[in-house]
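In this text the structure is predicted, and so the values were computed from the model without any measurement. Reckoned from all heavy atoms, side chains included, excluding hydrogens, waters and symmetry mates. Lettering follows sequence order; numbering is per chain, from 1.
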2 protein chains.
Amino acid sequence: MINPVDATDWREARRRSAREDILEAAWSLVADEGLTGLSLRDLARRAGITPPTVYAYFESKNAIYDAMFGQAATQFAEAAAQPFDCDDPQEVLVASVHRFFEFCMADPVRYQLLFQRVLPGFEPSADSYTPAVRALGFAREWLALNGVTEARHLDLWTALVIGLVDQQMSNDPGGTRWFGLVEETTSMFLTHCQASRNSRHPAPRPNQTKGLRS
Amino acid sequence: MINPVDATDWREARRRSAREDILEAAWSLVADEGLTGLSLRDLARRAGITPPTVYAYFESKNAIYDAMFGQAATQFAEAAAQPFDCDDPQEVLVASVHRFFEFCMADPVRYQLLFQRVLPGFEPSADSYTPAVRALGFAREWLALNGVTEARHLDLWTALVIGLVDQQMSNDPGGTRWFGLVEETTSMFLTHCQASRNSRHPAPRPNQTKGLRS
DNA sequence: GTCTATAGCTGGATAGAC
DNA sequence: GTCTATCCAGCTATAGAC
(Lines give C-alpha, C1' and ligand atoms only; values in the text may rest on other atoms or scores of the structure.)
Protein backbone atom coordinates (compact mmCIF):
# COMPACT_ATOMS: atom_id res chain seq x y z
CA MET A 1 0.00 0.00 0.00
CA ILE A 2 2.87 2.33 0.68
CA ASN A 3 4.71 3.07 -2.49
CA PRO A 4 8.48 3.74 -2.44
CA VAL A 5 8.05 7.46 -3.00
CA ASP A 6 5.84 7.87 0.04
CA ALA A 7 8.20 5.84 2.15
CA THR A 8 11.13 7.99 1.05
CA ASP A 9 9.22 11.17 1.80
CA TRP A 10 8.28 9.91 5.19
CA ARG A 11 11.83 8.99 6.04
CA GLU A 12 13.02 12.35 4.82
CA ALA A 13 10.46 14.11 6.97
CA ARG A 14 11.49 12.10 10.00
CA ARG A 15 15.09 12.94 9.37
CA ARG A 16 14.38 16.65 9.04
CA SER A 17 12.33 16.56 12.20
CA ALA A 18 15.16 14.90 14.13
CA ARG A 19 17.60 17.48 12.81
CA GLU A 20 15.34 20.27 13.95
CA ASP A 21 14.98 18.70 17.39
CA ILE A 22 18.75 18.74 17.74
CA LEU A 23 18.95 22.34 16.57
CA GLU A 24 16.24 23.31 19.01
CA ALA A 25 18.25 21.75 21.82
CA ALA A 26 21.31 23.59 20.53
CA TRP A 27 19.57 26.98 20.72
CA SER A 28 18.37 26.19 24.19
CA LEU A 29 21.88 25.20 25.24
CA VAL A 30 23.65 28.28 23.88
CA ALA A 31 20.97 30.48 25.44
CA ASP A 32 22.14 29.14 28.80
CA GLU A 33 25.85 28.68 28.23
CA GLY A 34 26.74 31.21 25.56
CA LEU A 35 27.60 30.64 21.94
CA THR A 36 30.98 29.10 22.70
CA GLY A 37 29.48 26.88 25.39
CA LEU A 38 28.04 24.44 22.88
CA SER A 39 29.47 21.01 23.57
CA LEU A 40 28.30 17.84 21.87
CA ARG A 41 27.98 16.05 25.20
CA ASP A 42 25.63 18.63 26.65
CA LEU A 43 23.81 19.01 23.39
CA ALA A 44 23.17 15.30 23.13
CA ARG A 45 22.00 15.09 26.74
CA ARG A 46 19.59 17.98 26.19
CA ALA A 47 18.27 16.43 22.98
CA GLY A 48 17.73 13.09 24.70
CA ILE A 49 20.26 11.21 22.59
CA THR A 50 23.91 10.25 22.84
CA PRO A 51 26.84 12.15 21.33
CA PRO A 52 27.55 9.75 18.44
CA THR A 53 23.96 10.05 17.29
CA VAL A 54 24.52 13.72 16.65
CA TYR A 55 26.94 12.69 13.94
CA ALA A 56 24.13 10.88 12.14
CA TYR A 57 22.67 14.32 11.40
CA PHE A 58 25.62 16.70 11.42
CA GLU A 59 29.06 15.85 10.18
CA SER A 60 30.82 18.12 12.66
CA LYS A 61 30.29 20.69 15.34
CA ASN A 62 30.86 23.46 12.82
CA ALA A 63 28.07 22.00 10.70
CA ILE A 64 25.76 22.56 13.66
CA TYR A 65 26.85 26.17 13.96
CA ASP A 66 26.34 26.56 10.23
CA ALA A 67 22.82 25.15 10.40
CA MET A 68 22.06 27.49 13.29
CA PHE A 69 23.40 30.40 11.27
CA GLY A 70 21.17 29.37 8.40
CA GLN A 71 18.10 29.30 10.65
CA ALA A 72 18.99 32.69 12.10
CA ALA A 73 19.55 34.21 8.67
CA THR A 74 16.23 32.82 7.46
CA GLN A 75 14.43 34.26 10.47
CA PHE A 76 16.15 37.56 9.78
CA ALA A 77 14.95 37.54 6.19
CA GLU A 78 11.41 36.59 7.24
CA ALA A 79 11.29 39.40 9.77
CA ALA A 80 12.50 41.87 7.15
CA ALA A 81 9.94 40.68 4.62
CA GLN A 82 6.95 41.47 6.85
CA PRO A 83 4.92 44.41 5.53
CA PHE A 84 4.53 47.58 7.56
CA ASP A 85 1.20 49.03 8.56
CA CYS A 86 2.21 52.58 7.74
CA ASP A 87 2.68 54.48 4.50
CA ASP A 88 4.90 57.41 5.32
CA PRO A 89 8.42 56.53 4.14
CA GLN A 90 10.10 57.92 7.23
CA GLU A 91 7.72 56.02 9.48
CA VAL A 92 8.56 52.86 7.56
CA LEU A 93 12.25 53.48 8.09
CA VAL A 94 11.81 54.04 11.81
CA ALA A 95 9.63 50.96 12.05
CA SER A 96 12.29 48.92 10.28
CA VAL A 97 14.87 49.87 12.89
CA HIS A 98 12.46 49.17 15.72
CA ARG A 99 11.85 45.79 14.17
CA PHE A 100 15.60 45.19 13.91
CA PHE A 101 16.02 46.06 17.58
CA GLU A 102 13.25 43.67 18.46
CA PHE A 103 14.84 40.92 16.41
CA CYS A 104 18.28 41.40 17.95
CA MET A 105 17.17 41.80 21.54
CA ALA A 106 14.74 38.91 21.41
CA ASP A 107 17.73 36.56 21.18
CA PRO A 108 21.16 37.98 21.99
CA VAL A 109 22.93 34.77 21.09
CA ARG A 110 21.31 34.79 17.66
CA TYR A 111 22.54 38.37 17.29
CA GLN A 112 26.07 37.33 18.25
CA LEU A 113 26.02 34.49 15.75
CA LEU A 114 24.65 36.59 12.89
CA PHE A 115 26.37 39.92 13.35
CA GLN A 116 29.46 39.43 15.45
CA ARG A 117 32.51 37.32 14.84
CA VAL A 118 32.70 35.46 18.11
CA LEU A 119 33.35 31.88 17.02
CA PRO A 120 37.03 31.24 16.32
CA GLY A 121 37.45 29.89 12.84
CA PHE A 122 33.78 29.69 11.98
CA GLU A 123 32.60 31.03 8.65
CA PRO A 124 29.05 30.46 7.48
CA SER A 125 28.63 28.56 4.23
CA ALA A 126 27.25 30.37 1.21
CA ASP A 127 23.94 28.54 1.53
CA SER A 128 23.49 29.67 5.11
CA TYR A 129 24.52 33.22 4.34
CA THR A 130 22.37 34.09 1.34
CA PRO A 131 19.14 34.70 3.29
CA ALA A 132 20.93 37.39 5.27
CA VAL A 133 21.98 39.11 2.05
CA ARG A 134 18.39 39.04 0.89
CA ALA A 135 17.34 40.72 4.13
CA LEU A 136 19.83 43.53 3.64
CA GLY A 137 18.23 44.23 0.30
CA PHE A 138 15.11 45.40 2.11
CA ALA A 139 17.06 48.12 3.88
CA ARG A 140 18.13 49.47 0.52
CA GLU A 141 14.49 49.46 -0.53
CA TRP A 142 13.26 51.37 2.52
CA LEU A 143 16.02 53.92 2.12
CA ALA A 144 15.15 54.38 -1.55
CA LEU A 145 11.58 55.19 -0.51
CA ASN A 146 13.12 58.11 1.36
CA GLY A 147 15.16 59.19 -1.61
CA VAL A 148 18.39 57.81 -0.19
CA THR A 149 20.31 55.89 -2.83
CA GLU A 150 23.93 56.95 -2.59
CA ALA A 151 26.33 54.19 -1.61
CA ARG A 152 28.01 56.14 1.14
CA HIS A 153 24.65 56.96 2.68
CA LEU A 154 23.75 53.30 2.78
CA ASP A 155 27.03 52.63 4.55
CA LEU A 156 26.32 55.45 6.97
CA TRP A 157 22.88 54.05 7.66
CA THR A 158 24.11 50.56 8.45
CA ALA A 159 26.69 52.06 10.80
CA LEU A 160 24.04 54.11 12.60
CA VAL A 161 21.72 51.17 13.07
CA ILE A 162 24.36 48.68 14.16
CA GLY A 163 25.87 51.28 16.50
CA LEU A 164 22.59 51.88 18.27
CA VAL A 165 21.88 48.19 18.62
CA ASP A 166 25.40 47.37 19.73
CA GLN A 167 25.41 50.03 22.43
CA GLN A 168 21.96 48.97 23.59
CA MET A 169 22.91 45.33 23.96
CA SER A 170 26.36 45.96 25.43
CA ASN A 171 25.57 48.72 27.90
CA ASP A 172 21.87 48.53 28.68
CA PRO A 173 20.58 45.04 27.95
CA GLY A 174 16.88 44.87 28.58
CA GLY A 175 16.57 48.64 28.71
CA THR A 176 15.62 51.24 26.12
CA ARG A 177 18.43 53.78 26.42
CA TRP A 178 19.52 53.60 22.78
CA PHE A 179 16.26 52.16 21.48
CA GLY A 180 14.70 55.48 22.45
CA LEU A 181 17.09 57.31 20.11
CA VAL A 182 15.88 55.59 16.95
CA GLU A 183 13.38 58.24 15.81
CA GLU A 184 15.75 61.09 16.50
CA THR A 185 18.59 59.33 14.74
CA THR A 186 16.48 58.55 11.69
CA SER A 187 15.33 62.15 11.50
CA MET A 188 18.91 63.37 11.78
CA PHE A 189 20.01 60.99 9.06
CA LEU A 190 17.23 61.86 6.60
CA THR A 191 17.71 65.58 7.16
CA HIS A 192 21.37 65.14 6.42
CA CYS A 193 20.78 63.15 3.24
CA GLN A 194 18.25 65.67 2.01
CA ALA A 195 20.60 68.57 2.63
CA SER A 196 23.35 66.63 0.90
CA ARG A 197 21.06 66.11 -2.13
CA ASN A 198 19.98 69.75 -2.31
CA SER A 199 23.45 71.19 -2.07
CA ARG A 200 24.82 68.94 -4.80
CA HIS A 201 24.60 69.31 -8.50
CA PRO A 202 21.57 67.56 -9.99
CA ALA A 203 20.11 64.51 -8.34
CA PRO A 204 22.11 61.30 -8.85
CA ARG A 205 21.15 59.20 -11.83
CA PRO A 206 18.61 56.48 -11.09
CA ASN A 207 20.76 53.69 -12.52
CA GLN A 208 24.00 54.29 -10.72
CA THR A 209 25.54 51.05 -9.60
CA LYS A 210 29.01 51.90 -8.43
CA GLY A 211 30.35 50.49 -5.21
CA LEU A 212 27.08 49.11 -4.00
CA ARG A 213 28.13 45.85 -2.47
CA SER A 214 26.73 44.48 0.73
CA MET B 1 77.16 48.66 49.17
CA ILE B 2 73.71 47.36 48.34
CA ASN B 3 71.24 48.18 51.06
CA PRO B 4 68.11 46.04 51.62
CA VAL B 5 65.83 48.61 50.03
CA ASP B 6 67.79 48.56 46.79
CA ALA B 7 67.78 44.80 46.75
CA THR B 8 64.02 44.77 47.17
CA ASP B 9 63.54 47.29 44.39
CA TRP B 10 65.74 45.28 42.11
CA ARG B 11 63.80 42.11 42.77
CA GLU B 12 60.55 43.95 42.19
CA ALA B 13 61.82 45.30 38.90
CA ARG B 14 62.89 41.86 37.78
CA ARG B 15 59.52 40.47 38.67
CA ARG B 16 57.68 43.20 36.78
CA SER B 17 59.92 42.67 33.81
CA ALA B 18 59.21 38.93 33.78
CA ARG B 19 55.48 39.63 34.01
CA GLU B 20 55.69 41.98 31.07
CA ASP B 21 57.63 39.44 29.04
CA ILE B 22 54.82 36.95 29.57
CA LEU B 23 52.20 39.53 28.65
CA GLU B 24 54.15 40.43 25.54
CA ALA B 25 54.17 36.77 24.53
CA ALA B 26 50.45 36.63 25.26
CA TRP B 27 49.70 39.54 22.92
CA SER B 28 51.81 37.94 20.24
CA LEU B 29 49.96 34.66 20.68
CA VAL B 30 46.43 36.07 20.54
CA ALA B 31 47.43 38.14 17.50
CA ASP B 32 48.07 34.84 15.72
CA GLU B 33 45.41 32.59 17.24
CA GLY B 34 42.65 34.95 18.26
CA LEU B 35 41.60 36.07 21.69
CA THR B 36 40.16 32.69 22.63
CA GLY B 37 43.22 30.89 21.32
CA LEU B 38 45.30 31.72 24.37
CA SER B 39 46.48 28.49 25.97
CA LEU B 40 48.96 28.32 28.80
CA ARG B 41 51.00 25.69 27.00
CA ASP B 42 51.48 27.81 23.90
CA LEU B 43 51.95 30.92 25.96
CA ALA B 44 54.72 29.32 28.01
CA ARG B 45 56.45 28.00 24.93
CA ARG B 46 56.37 31.41 23.29
CA ALA B 47 57.68 33.08 26.44
CA GLY B 48 60.53 30.58 26.71
CA ILE B 49 59.35 29.09 29.99
CA THR B 50 57.22 26.16 31.12
CA PRO B 51 53.54 26.23 32.00
CA PRO B 52 53.93 26.01 35.79
CA THR B 53 56.22 29.04 35.76
CA VAL B 54 53.36 31.12 34.43
CA TYR B 55 51.62 30.51 37.74
CA ALA B 56 54.50 32.19 39.55
CA TYR B 57 53.31 35.46 37.97
CA PHE B 58 49.59 34.96 37.34
CA GLU B 59 47.26 33.03 39.55
CA SER B 60 45.04 31.89 36.70
CA LYS B 61 44.39 32.25 33.02
CA ASN B 62 41.73 34.85 33.71
CA ALA B 63 44.31 36.89 35.60
CA ILE B 64 46.32 37.03 32.40
CA TYR B 65 43.31 38.26 30.44
CA ASP B 66 42.70 40.82 33.17
CA ALA B 67 46.26 42.10 33.01
CA MET B 68 45.97 42.35 29.24
CA PHE B 69 42.72 44.26 29.61
CA GLY B 70 44.47 46.61 32.02
CA GLN B 71 47.28 47.24 29.55
CA ALA B 72 44.81 47.84 26.74
CA ALA B 73 42.75 50.23 28.85
CA THR B 74 45.87 52.15 29.85
CA GLN B 75 46.94 52.45 26.24
CA PHE B 76 43.43 53.65 25.40
CA ALA B 77 43.63 56.32 28.09
CA GLU B 78 47.10 57.39 26.97
CA ALA B 79 45.97 57.72 23.37
CA ALA B 80 42.98 59.78 24.45
CA ALA B 81 45.13 62.06 26.61
CA GLN B 82 47.34 63.16 23.71
CA PRO B 83 46.75 66.79 22.77
CA PHE B 84 45.48 67.76 19.33
CA ASP B 85 47.30 70.12 17.03
CA CYS B 86 44.16 71.95 16.00
CA ASP B 87 41.94 74.48 17.75
CA ASP B 88 38.61 74.35 15.98
CA PRO B 89 36.26 72.29 18.18
CA GLN B 90 34.77 70.39 15.27
CA GLU B 91 38.21 69.56 13.95
CA VAL B 92 39.14 68.27 17.38
CA LEU B 93 36.08 66.06 17.41
CA VAL B 94 36.86 64.67 13.98
CA ALA B 95 40.46 64.11 14.98
CA SER B 96 39.36 62.25 18.09
CA VAL B 97 37.35 59.80 16.01
CA HIS B 98 40.20 59.37 13.54
CA ARG B 99 42.45 58.64 16.48
CA PHE B 100 39.94 56.12 17.83
CA PHE B 101 39.83 54.40 14.46
CA GLU B 102 43.60 54.26 14.42
CA PHE B 103 43.68 52.81 17.91
CA CYS B 104 41.12 50.12 17.15
CA MET B 105 42.44 49.09 13.76
CA ALA B 106 46.05 49.02 14.90
CA ASP B 107 45.23 45.94 16.99
CA PRO B 108 41.92 44.21 16.31
CA VAL B 109 42.40 41.76 19.15
CA ARG B 110 42.88 44.62 21.59
CA TYR B 111 39.66 46.13 20.23
CA GLN B 112 37.85 42.84 20.79
CA LEU B 113 39.12 42.58 24.34
CA LEU B 114 38.27 46.18 25.25
CA PHE B 115 34.99 46.77 23.47
CA GLN B 116 33.39 43.46 22.69
CA ARG B 117 32.29 40.70 24.98
CA VAL B 118 33.97 37.77 23.34
CA LEU B 119 35.47 35.88 26.29
CA PRO B 120 32.89 33.69 27.99
CA GLY B 121 32.69 34.52 31.66
CA PHE B 122 35.45 37.10 31.67
CA GLU B 123 34.84 40.39 33.44
CA PRO B 124 37.65 42.87 33.92
CA SER B 125 38.49 43.80 37.49
CA ALA B 126 37.79 47.32 38.69
CA ASP B 127 41.51 48.14 38.69
CA SER B 128 41.87 47.14 35.07
CA TYR B 129 38.71 48.92 34.02
CA THR B 130 39.17 52.38 35.52
CA PRO B 131 41.63 53.68 32.88
CA ALA B 132 38.99 53.02 30.23
CA VAL B 133 36.47 55.09 32.15
CA ARG B 134 38.97 57.90 32.34
CA ALA B 135 39.39 57.75 28.58
CA LEU B 136 35.67 58.06 28.00
CA GLY B 137 35.71 61.29 30.01
CA PHE B 138 37.72 62.88 27.23
CA ALA B 139 34.93 62.27 24.74
CA ARG B 140 32.56 64.20 26.99
CA GLU B 141 35.10 67.02 27.08
CA TRP B 142 35.48 67.22 23.30
CA LEU B 143 31.72 67.19 22.86
CA ALA B 144 31.32 69.98 25.42
CA LEU B 145 33.73 72.08 23.36
CA ASN B 146 31.14 71.80 20.61
CA GLY B 147 28.30 72.75 22.90
CA VAL B 148 27.00 69.20 23.18
CA THR B 149 26.20 68.31 26.76
CA GLU B 150 22.86 66.54 26.79
CA ALA B 151 22.99 62.95 27.98
CA ARG B 152 21.06 61.54 25.05
CA HIS B 153 23.40 63.28 22.63
CA LEU B 154 26.38 61.68 24.34
CA ASP B 155 24.68 58.32 23.91
CA LEU B 156 23.97 59.07 20.29
CA TRP B 157 27.60 60.04 19.75
CA THR B 158 29.01 56.85 21.22
CA ALA B 159 26.61 54.85 19.05
CA LEU B 160 27.73 56.70 15.93
CA VAL B 161 31.41 56.18 16.63
CA ILE B 162 31.18 52.55 17.64
CA GLY B 163 28.92 51.84 14.67
CA LEU B 164 31.40 53.27 12.18
CA VAL B 165 34.30 51.40 13.73
CA ASP B 166 32.38 48.16 14.01
CA GLN B 167 31.31 48.23 10.39
CA GLN B 168 34.81 49.12 9.28
CA MET B 169 36.42 46.25 11.13
CA SER B 170 33.74 43.69 10.32
CA ASN B 171 33.14 44.43 6.66
CA ASP B 172 36.23 46.18 5.35
CA PRO B 173 39.22 45.39 7.55
CA GLY B 174 42.26 47.23 6.34
CA GLY B 175 40.16 49.52 4.14
CA THR B 176 38.71 52.99 4.63
CA ARG B 177 35.09 52.52 3.61
CA TRP B 178 33.61 53.73 6.90
CA PHE B 179 36.68 55.61 8.06
CA GLY B 180 36.03 57.95 5.16
CA LEU B 181 32.59 58.79 6.58
CA VAL B 182 33.90 60.25 9.83
CA GLU B 183 33.90 63.91 8.80
CA GLU B 184 30.49 63.72 7.22
CA THR B 185 29.05 61.90 10.21
CA THR B 186 30.49 64.40 12.66
CA SER B 187 29.09 67.28 10.64
CA MET B 188 25.68 65.61 10.53
CA PHE B 189 25.75 65.02 14.26
CA LEU B 190 26.77 68.56 15.20
CA THR B 191 24.23 70.10 12.86
CA HIS B 192 21.58 67.99 14.48
CA CYS B 193 22.61 68.92 18.02
CA GLN B 194 22.69 72.58 17.12
CA ALA B 195 19.21 72.45 15.59
CA SER B 196 17.99 70.61 18.65
CA ARG B 197 19.42 73.36 20.86
CA ASN B 198 17.92 76.16 18.79
CA SER B 199 14.41 74.79 18.87
CA ARG B 200 12.87 75.83 22.18
CA HIS B 201 12.35 72.61 24.10
CA PRO B 202 14.46 69.50 23.48
CA ALA B 203 13.26 66.91 21.02
CA PRO B 204 10.39 64.83 22.42
CA ARG B 205 11.18 61.37 23.65
CA PRO B 206 10.01 58.87 21.07
CA ASN B 207 6.98 56.87 22.14
CA GLN B 208 8.10 53.37 23.03
CA THR B 209 4.89 51.49 22.48
CA LYS B 210 6.06 49.21 19.71
CA GLY B 211 5.86 46.08 21.79
CA LEU B 212 9.46 45.81 22.82
CA ARG B 213 10.07 44.65 26.33
CA SER B 214 11.18 47.35 28.67
C1' DG C 1 20.09 4.93 13.55
C1' DT C 2 21.19 4.34 18.01
C1' DC C 3 23.71 2.68 21.35
C1' DT C 4 28.29 1.48 24.52
C1' DA C 5 32.86 2.16 24.76
C1' DT C 6 36.80 4.51 23.93
C1' DA C 7 40.40 6.66 21.29
C1' DG C 8 43.18 10.66 21.10
C1' DC C 9 43.99 14.96 22.27
C1' DT C 10 44.12 19.50 24.72
C1' DG C 11 43.02 22.18 28.35
C1' DG C 12 44.05 24.42 33.22
C1' DA C 13 46.18 23.58 37.24
C1' DT C 14 49.21 21.20 40.94
C1' DA C 15 53.11 18.34 43.48
C1' DG C 16 57.47 18.20 44.66
C1' DA C 17 62.51 18.04 43.53
C1' DC C 18 66.20 21.32 42.99
C1' DG D 1 61.50 30.55 40.61
C1' DT D 2 61.96 27.07 37.59
C1' DC D 3 61.82 22.75 36.35
C1' DT D 4 59.83 17.53 35.35
C1' DA D 5 56.07 14.86 35.83
C1' DT D 6 51.46 14.33 36.25
C1' DC D 7 46.50 14.71 37.44
C1' DC D 8 41.99 15.19 35.97
C1' DA D 9 38.51 17.06 33.37
C1' DG D 10 36.83 18.34 29.19
C1' DC D 11 36.49 18.03 24.28
C1' DT D 12 35.51 16.12 19.24
C1' DA D 13 35.17 12.26 16.87
C1' DT D 14 35.22 7.19 15.72
C1' DA D 15 34.65 1.87 16.07
C1' DG D 16 31.71 -1.62 16.19
C1' DA D 17 27.76 -4.24 18.28
C1' DC D 18 22.76 -4.39 17.81
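Side-chain contact between Leu143(A) and Phe138(A): absent, with no pair of heavy atoms (C-beta onward) separated by less than 4.5 Å. Between Val182(B) and Val161(B), every side-chain heavy-atom pair lies at or beyond the 4.5 Å cut-off. Proximity of His153(A) to Glu184(B): side-chain heavy atoms (C-beta onward) are separated by under 4.5 Å at one or more points.
For Trp178(A) and Phe101(A), the distance between ring centers is not under 6.0 angstrom. Ring-centre distance between Phe179(A) and His98(A): below the 6.0 Å cut-off. Between Phe115(A) and Phe100(A), the gap from one ring centroid to the other is short of 6.0 Å. Between His192(B) and His192(A), the gap from one ring centroid to the other reaches at least 6.0 Å.
Checked for salt-bridge contact, Arg45(B) and Asp42(B) meet the test: a charged N lies under 4.0 Å from a carboxylate O.
At the phosphate of dG1(D), neither OP1 nor OP2 sits under 4.0 Å from any side-chain N or O atom of Arg14(B). The side chain of Thr53(B) places an N or O atom within less than 4.0 Å of a non-bridging phosphate oxygen (OP1 or OP2) of dC3(D).
Per the geometry, CD1 belonging to Ile64(B) stands 13 Å off P belonging to dG11(C), to the nearest Å. To the nearest angstrom, P of dG10(D) lies 12 Å from CD of Glu33(A). Taking atom CZ of residue Arg45(A) and atom P of nucleotide dT2(C), one finds them 18 Å apart after rounding to whole Å.
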Treating primed atoms plus P, OP1 and OP2 as sugar-phosphate and everything else as base, which nucleotides of nucleotides 13-18 of chain D get B, S or - for protein heavy atoms under 4.0 Å? BBB---
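For the segment residues 18-30 of chain B, no residue has any heavy atom less than 4.0 angstrom from an atom of DNA chain C.
Considering only side-chain atoms of Ser39(A), the nucleotide from dT2(D), dC3(C), dC11(D) that sits closest is dC11(D).
Taking the nucleotide of DNA chain D with the nearest heavy atom to each of Ile49(B) and Leu38(A), the more 5' of the two is matched to Ile49(B).
Here the shortest heavy-atom pairing between Tyr129(B) and Pro124(B) reads CD1-CG, 3.9 Å.
Heavy atoms of Phe58(B) sit nowhere under 4.0 angstrom from any nucleic acid atom.
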